[in-house]
Amino acid sequence: MQQHWLKLCIVSRGVEAEGIIAIVLAAPDGGPLPHFSAGSHVDVEIAPDLVRQYSLCSTPAARDRYEIAVLRDPASRGGSTEIHERFAEGDTLRVSEPRNHFPLYPVRGEALLIAGGIGVTPLLCMAERLSAIGAPFALHYCTRSAARTAFRDRIAASGFADRVQYHFDDGPDAQRLDPASLFSGAIAEVDVYVCGPAGFIDWICAAAGSAGIAPQHLHREYFSAAPIEPAPGGDRPFLLRLASNGQMIEVAAEESAAAALARHGIEVSVSCEQGICGTCITRVIEGQPDHRDMLMIDGNAEFTPCCSRSHSPVLVIDL
Ligand code: FES
């Protein structure tokens, strides 16, 4: 399975906030792009062998463009710095078709959208969608300071500005986000959507869990994963069985399932190799996956061969 790339041009690039640029991509002929829904992301090829995922923050109704916002993060694995320093208007780059592993679910009651920094990008798209359909929601947007807060003008000009609460790290204590009190009200019908740095997501999820919000109503998207820890005592080998022809493939303790498949000439598309982008998701027909990614929860009948393993000795997969 090969990644299907779109060749897109940078039609505009602008400073969105301190350390954050917004980039608008379009087809060279200005034609329509594949549809996406709120919460979607694309893979952007920054250089050969350097691909990063960015959430789309343009409105899905604008079929001729994709907009992404990129925070310059010197502590990152290099992609954002390259984009800030090298990408210019008129450049052409390869971008995947949008994928969505962070979708909006049917509205039951109120949606609480909680953004940490640049994690606002998919949530902004969701806020616009929820506003358009008249669904109740609130957006809590936490950043280090007003100067480092992207999309303030766009939010101010939107029809939902009064549903957005900013929380600045350098502001008075009274305006800081207190997730315990946020979740202390009626939570039975609440869906929480959170995106931001891993520590921020874990903080929100812990508070939501303590407040009794069920895991299926807690939706999250990570930008990057913490290093994947081996199982206590070390990872064990396991077998993959291909459902199409019964072929058995051994995954050694020190290799990924995707690498074992590639050794046998079976290419699974991979991108982040950290369990955050979903590019490699493969259906599981039998067996119990050991999810090491940031996407799945126990019980999912899919797994991510880039980083996940198996609890059962054999995993039958839909290949
Ligand atoms: Fe990104 Fe597997 S390659 S989740």
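For ligands, and for the atoms within them, numbers begin at 1 and follow the listed sequence. Numbers for residues simply follow the sequence, beginning at 1. This structure is a prediction, so every number in the text was calculated from the model and none was measured.
When the shell of 6.0 Å around CG of Asp162 is examined, it contains more than 12 heavy atoms from other residues, nucleotides or ligands.
Using a 4.0 Å cut-off between charged nitrogen and carboxylate oxygen, Asp191 and Arg108 count as a salt-bridge pair. By the 4.0 Å N-to-carboxylate-O rule, Glu110 lies too far from Arg163 to be salt-bridged with it.
A donor-acceptor pair is defined here as one N or O able to donate and one able to accept, closer than 3.5 Å; no such pair exists between the side chain of Arg94 and the backbone of Val44.
With contacts defined as side-chain heavy-atom distances shorter than 4.5 Å, the pair His140/Tyr166 does not qualify.
Inside a sphere of radius 2.8 Å centred on atom 2 (Fe) of ligand 1, the protein N/O/S atoms present are Cys280 SG, Cys306 SG.
Using cut-offs of 30° and 60° for the angle between ring planes, the His41 and His101 rings count as tilted.
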